[in-house]
Amino acid sequence: MWPDRRLIELFGIEHPIIQAPMAGSGKADLVVAVSEAGGLGSLGCAVMTAEEVRTQLGIIRQRTAKPINVNFFTHKAPAGADGRERGWRQRLAPYYAELGLDPASAPSGAGRAPFDNAYCELMTELKPKVVSFHFGLPETALLKRVKDAGSIVVASATTVEEAHWLEDNGVDAVVAQGFEAGGHRGMFLTEDLTSQAGTMALVPQIVDAVRLPVIAAGGIGDARGIAAAFMLGAAGVQLGTAYLFCPESTISPLHRAALKAGREDRTALTNVFTGRPARGLMNRVMREVGPISPEAPPFPLATGALQPLRGKAEAKGSDDFSPLWSGQAARLGRELGAAELTRTLATEAQAILRKMGAATA
């Protein structure tokens, strides 16, 4: 039914469709729905403590025995950036004054923790089928423990060089993240955004460069995109924005409304929310401060100063200071339950692939 079954067999799933692990945008309900429908549900853990991850995985395991993916960030914790954080709060001070807030009340610190010993202990104990990483890989000793526990390891690449590096360092599959993708860029061997390729160009080059199954990600919003990814040589696809439309996603009503009005020309890469480039729908703070601001402190320290502004604005019904993560294919979103969406995408994509096979026979 699928032209490449490597990912299906590697993960033990029915459909080579992965729900992207969008930290803060989906928890147990979304993961369970996708996995029960035959795809691979993913839990994004970047904004959770180890105990919060344990709680979510406990809920998931009560509701499904199907394979799941647990995802972590592997950034280096920044040090010595106090001055940058102070400068960032000063840059945002006019917005604080506008909303009647005190800049000194903004929390400082990271807010997002990289994969560490506590997370690793949890993974070796609970042994999820797949553990995936963003921004490279954790240190060698931690990675070895995850693999020795029996989990399959997946990581994102935004260039052929990054894909080679991941293969050389022991991953079992590579996510080829095109420039169109929503959320954080997974880049880790370069900081040059101008070097980033789109999904159509990136996927076949990574397919040709590595021996591993390649998962296409970025701008894939419907069955046509899934079929195209397989024609490019991918063994599976990862969709994020498409699943944000599902009732199981945990995005805010403001974010959901913005997605419904989303267009391909209304997203941009921005560092103002976290300090690292991520694609989202344009809003006031992105236009006026960024989208890319040299004043933003290093990832993830930019987040703290935006939190009070976001909270106050959202309480007034405004998304001026909210990260509205979205890829470039939001127009293709459908308001279906996550299980129904997964099955529909699989059915429609296979129909297209059969038609294409018949046409070329």
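- A donor-acceptor pair under 3.5 Å is formed between the side chain of Q205 and the backbone N or O of A201.
- Aromatic pair F73/F115: ring centres not closer than 6.0 Å.
- From S195, atom OG reaches atom CG of L193 across 7.5 Å, with rounding to the nearest 0.5 Å.
- R185 is not listed as a side-chain neighbour of R276, based on a closest heavy-atom distance of 4.5 Å or more.
- Salt-bridge annotation for R84 and E295: absent, with no side-chain N of the basic residue lying under 4.0 Å from a carboxylate O of the acidic one.
- A donor-acceptor contact closer than 3.5 angstrom links the side chains of T194 and D192.
- Heavy atoms from other residues, nucleotides or ligands lying under 6.0 Å from CD of E161 number 12 at most.
- The backbone N or O of Q238 sits nowhere less than 3.5 Å from a side-chain atom of Q19 that would complete a donor-acceptor pair.
- Checked by atom type and distance alone, the side chain of Q350 pairs as donor or acceptor with a backbone atom of A346 at under 3.5 Å.
- Contact check for N71 versus V131: no side-chain heavy atoms found under the 4.5 Å cut-off.
- Without hydrogens or angle criteria, N271 side chain to S293 main chain gives a donor-acceptor distance under 3.5 Å.
- A donor-acceptor pair under 3.5 Å is absent between the side-chain atoms of K147 and the main chain of K144, judged by distance alone.
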### Task
Run the numbers on I226 and W2 for side chain to side chain contact (heavy atoms under 4.5 Å, CB included), then give the verdict.
CA-CA 11 Å; I226 295 172; W2 294 100; 4.2 Å; yes
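- Without hydrogens or angle criteria, H134 side chain to A155 main chain gives no donor-acceptor distance under 3.5 Å.
- Checked by atom type, the side-chain pair T274/H184 shows a donor-acceptor distance below 3.5 Å.
- Looking only at distances, no side-chain donor or acceptor of T64 sits under 3.5 Å from a matching main-chain atom of I60.
- Residue-environment remark: CZ (R284) exceeds the threshold of 12 foreign heavy atoms within 6.0 Å.
- Between the side chains of N117 and R145, at least one donor N or O lies within less than 3.5 Å of an accepting N or O.
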### Task
Decide yes or no on side chain to side chain contact (heavy atoms under 4.5 Å, CB included) for Y95 and L306, but give the supporting numbers first.
CA-CA 10 Å; Y95 299 117; L306 267 296; over 6 Å; no
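- Counted by atom type alone, S132 and N69 present one or more donor-acceptor pairs between their side chains at under 3.5 Å.
- Salt-bridge formation is not detected for the pair E348/R224: no Lys NZ or Arg NE/NH1/NH2 atom is positioned less than 4.0 Å from an Asp or Glu carboxylate oxygen.
- Considering only heavy atoms from C-beta on, L212 comes within 4.5 Å of V171 through its side chain.
- No side-chain donor from either of S25 and Y243 sits under 3.5 Å from a side-chain acceptor of the other.
- In this structure, F273 and T303 have side chains that are not in contact, with every pair of non-hydrogen atoms separated by 4.5 Å or more.
- Side chain to side chain, S322 and E314 meet the donor-acceptor criterion of an N or O pair below 3.5 Å.
- Put simply, the side chain of S35 never gets that close to the backbone of V32: no donor and acceptor are under 3.5 Å apart.
- For the pair L239 and I18, the minimum side-chain heavy-atom distance is 4.5 Å or more.
- Around atom CD of E191, no more than 12 heavy atoms belonging to other residues, nucleotides or ligands sit under 6.0 Å away.
- Under the 3.5 Å distance criterion, with hydrogens and angles disregarded, no donor-acceptor pair is assigned to the side chains of T158 and Q177.
- Looking only at distances, no side-chain donor or acceptor of E14 sits under 3.5 Å from a matching main-chain atom of G39.
- Classified by interplanar angle (parallel below 30°, tilted 30° to 60°, perpendicular above 60°), the ring pair F72/Y119 is tilted.
- The pair D29-R63 meets the salt-bridge criterion, since a charged nitrogen lies less than 4.0 angstrom from a carboxylate oxygen.
- Close placement of the F135 and F299 rings is indicated, their centers lying within 6.0 Å of each other.
- Between E340 and R343 there is no salt bridge, since no side-chain nitrogen of the basic residue lies less than 4.0 Å from a carboxylate oxygen of the acidic one.
- Salt bridge R91/E85: absent, no basic N to carboxylate O contact under 4.0 Å.
- A side-chain donor from one of R279 and T267 sits under 3.5 Å from a side-chain acceptor of the other.
- Residues F133 and V154 form no side-chain contact, since every pair of their non-hydrogen atoms from C-beta on lies 4.5 Å or further apart.
- Judged by distance alone, the side chain of Q56 and the main-chain N or O of K27 form no donor-acceptor pair under 3.5 Å.
- A side-chain donor-acceptor contact under 3.5 Å links R256 and S249.
- By the 4.5 Å heavy-atom criterion applied to side chains, I8 and H15 are not counted as neighbours.
- The shortest side-chain heavy-atom distance between L324 and L259 does not fall under the 4.5 Å cut-off.
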